[in-house]
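The structure appears right after this line, and notes come after that.
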2 protein chains.
Amino acid sequence: MGRTQLERKADTRERLVRAAAELFGSLGFHSVSTDAVAARADRTSGAVYAHFGSKQGLLLAVLEEWRSETAADAEVELDAATDLDARTEALWRTLSSRTGERGDAWLMLEMELWLHAARQPELRQLLAERYDEIRHEMAHAFEEWAATAGSSLASPPDEMSTLVLALLLGLGLQRRMEPESVSDELAGRGIRSLLGLGAG
Amino acid sequence: MGRTQLERKADTRERLVRAAAELFGSLGFHSVSTDAVAARADRTSGAVYAHFGSKQGLLLAVLEEWRSETAADAEVELDAATDLDARTEALWRTLSSRTGERGDAWLMLEMELWLHAARQPELRQLLAERYDEIRHEMAHAFEEWAATAGSSLASPPDEMSTLVLALLLGLGLQRRMEPESVSDELAGRGIRSLLGLGAG
DNA sequence: GTCTATACGACGATAGAC
DNA sequence: GTCTATCGTCGTATAGAC
């Protein structure tokens with residue numbers, strides 16, 4: 001069939017990205033060779049260069065993949081939550097403490113990307129846009145929450161989302177070092193007090 | 001003199017740690033070779049292994065050095081601030097947006113350490129203790145603030161310091177990618193609303 | 001696009017003299 | 001403790017056949 005080679009190409013690309021996400025996240029970008037990624041994807045390192053040009057190109061592809069996944073996950077989680085407590089908890093769960101098949105590789109990969117971006121302007125631009133998107137989505141959600149709660153937000157929604165995103169990231173960092181220091185309940189309380197929608 | 005060799009030893013150690021802090025912070029741990037560190041310290045790589053055993057041992061020494069420095073800096077800054085606005089601002093400045101000679105290498109080195117610690121239990125323990133210390137110091141300060149303000153804290157001080165530390169870290173991360181997204185004023189407002197001591 | 005094979009460089013770490 | 005010299009290894013990336 002004429003489309004077999006296209007399918008195979010897409011398949012290889014997907015395999016490589018998946019393998020890279022798993023290995024980079026669990027072992028770290030620098031500790032993982034292109035050979036290792038290719039091997040896990042049942043390919044050879046040549047395929048990495050044919051598809052992504054470099055090891056860093058592969059890292060970027062992983063980022064793009066996770067961005068869309070995360071957005072989708074967040075939307076599902078948040079739509080399912082009805083009251084404020086459930087919403088804040090869902091937010092915390094989605095952005096900072098994912099468990100399950102991917103483990104907590106999420107935050108580690110995020111930090112890995114942040115570090116690279118901190119030193120490379122092109123990457124920095126890309127990550128900045130990523131944060132912008134996340135903040136926008138959150139800001140939109142906050143406005144809805146306030147509306148359904150009958151109250152109004154104390155500050156501009158985009159400022160609020162900056163603060164909330166910061167809180168989520170920072171709690172994730174601490175939680176990874178010392179899980180007991182950050183309970184789900186504490187996270188929820190923190191978010192609510194930033195929003196000014198808490199119990200007071 | 002009998003102490004010359006001891007002095008020289010201490011001097012070499014200090015040179016190596018300083019050089020490592022500068023290079024690791026600006027270029028990243030993985031991008032910097034032990035030879036490069038040693039060269040900047042006017043020594044050779046053998047000295048690194050004689051003093052620290054490994055490249056990672058050197059990283060740990062850098063961490064210890066910065067921990068004490070940061071604590072001292074924070075104390076000075078906070079003692080100089082009198083009202084709540086000045087205090088929250090000093091907090092933000094000390095922990096997340098240091099500029100000057102060290103540039104913003106601080107946060108990058110911190111994240112570098114975090115990433116290593118996330119994968120190594122011994123290091124994780126050490127970093128957890130570091131966070132604990134920071135939180136304790138902040139918690140102590142918060143109690144004083146509340147006392148002088150005549151009000152009381154809404155939550156236990158150690159929970160508050162967890163939230164505030166999270167906010168500071170998270171804002172630092174975003175600020176590095178997109179400085180305009182995090183104003184000093186916003187940071188101060190965020191801290192105050194977590195503390196429940198804000199304007200409202 | 002994918003493979004094998006390999007060039008080429010760099011790195012961490014050690015040995016041994018001083 | 002510090003130096004010079006060096007070993008062995010591993011990594012990224014490329015060349016060229018298929």
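Computed from heavy atoms alone, side chains included, the values below leave out hydrogens, waters and symmetry copies. This one's a predicted model, so the numbers in the text were calculated from it and none came from an experiment. Lettering follows sequence order; numbering is per chain, from 1.
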Who passes salt bridge (Lys or Arg N to Asp or Glu O under 4.0 Å) against [X], sequence neighbours left out?
X: B:R119; result: A:E112
X: A:R130; result: A:E110
X: B:E65; result: none

Select from A:Q56 and B:T44 the residue whose nearest nucleotide in DNA chain D is closer to the 5' end of that strand.
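This one resolves to B:T44.
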What is the distance, to the nearest angstrom, from the [atom1] atom on [X] to the [atom2] atom on [N]?
X: A:L58; N: D:dT12; atom1: CG; atom2: P; result: 11 Å
X: A:R43; N: C:dT4; atom1: CZ; atom2: P; result: 12 Å
X: A:F52; N: D:dT12; atom1: CZ; atom2: C1'; result: 16 Å

Sequence neighbours excluded, the answer for ring-ring contact (aromatic ring centres under 6.0 Å, His included) partners of A:H51 is none
Would you mind listing every salt bridge (Lys or Arg N to Asp or Glu O under 4.0 Å) that reaches into residues 28-49 of chain B, with sequence neighbours excluded?
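Found B:D11-B:R43, B:R15-B:D42, B:E22-B:R40.
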Considering only residues two or more places apart or on different chains, which pairs with a residue in residues 148-171 of chain B satisfy salt bridge (Lys or Arg N to Asp or Glu O under 4.0 Å)?
A:R189-B:E159
Residues A:D85, A:R192: salt bridge by 4.0 Å N-O rule
yes
Pairs under 3.5 angstrom only: tabulate donor-acceptor contacts from the side chains of residues 139-152 of chain A to other protein residues two or more places apart or in another chain.
from, atom 1, to, atom 2, distance (Å)
A:W145, NE1, A:A141, O, 3.4
A:T148, OG1, A:E144, O, 3.3
A:T148, OG1, A:W145, O, 3.0

Of all of residues 15-28 of chain A, which get a heavy atom below 4.0 angstrom from DNA chain D, listed by number?
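Nucleic-acid contacts, sorted: none.
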Phosphate contact (C:dT2 OP1 or OP2) by A:T12 side-chain N/O below 4.0 Å
yes
Distances for protein N or O near nucleotides 5-12 of chain C N or O, under 3.5 Å:
from, atom 1, to, atom 2, distance (Å)
C:dG12, OP1, B:K55, NZ, 2.5
C:dG12, OP2, B:T34, N, 3.1

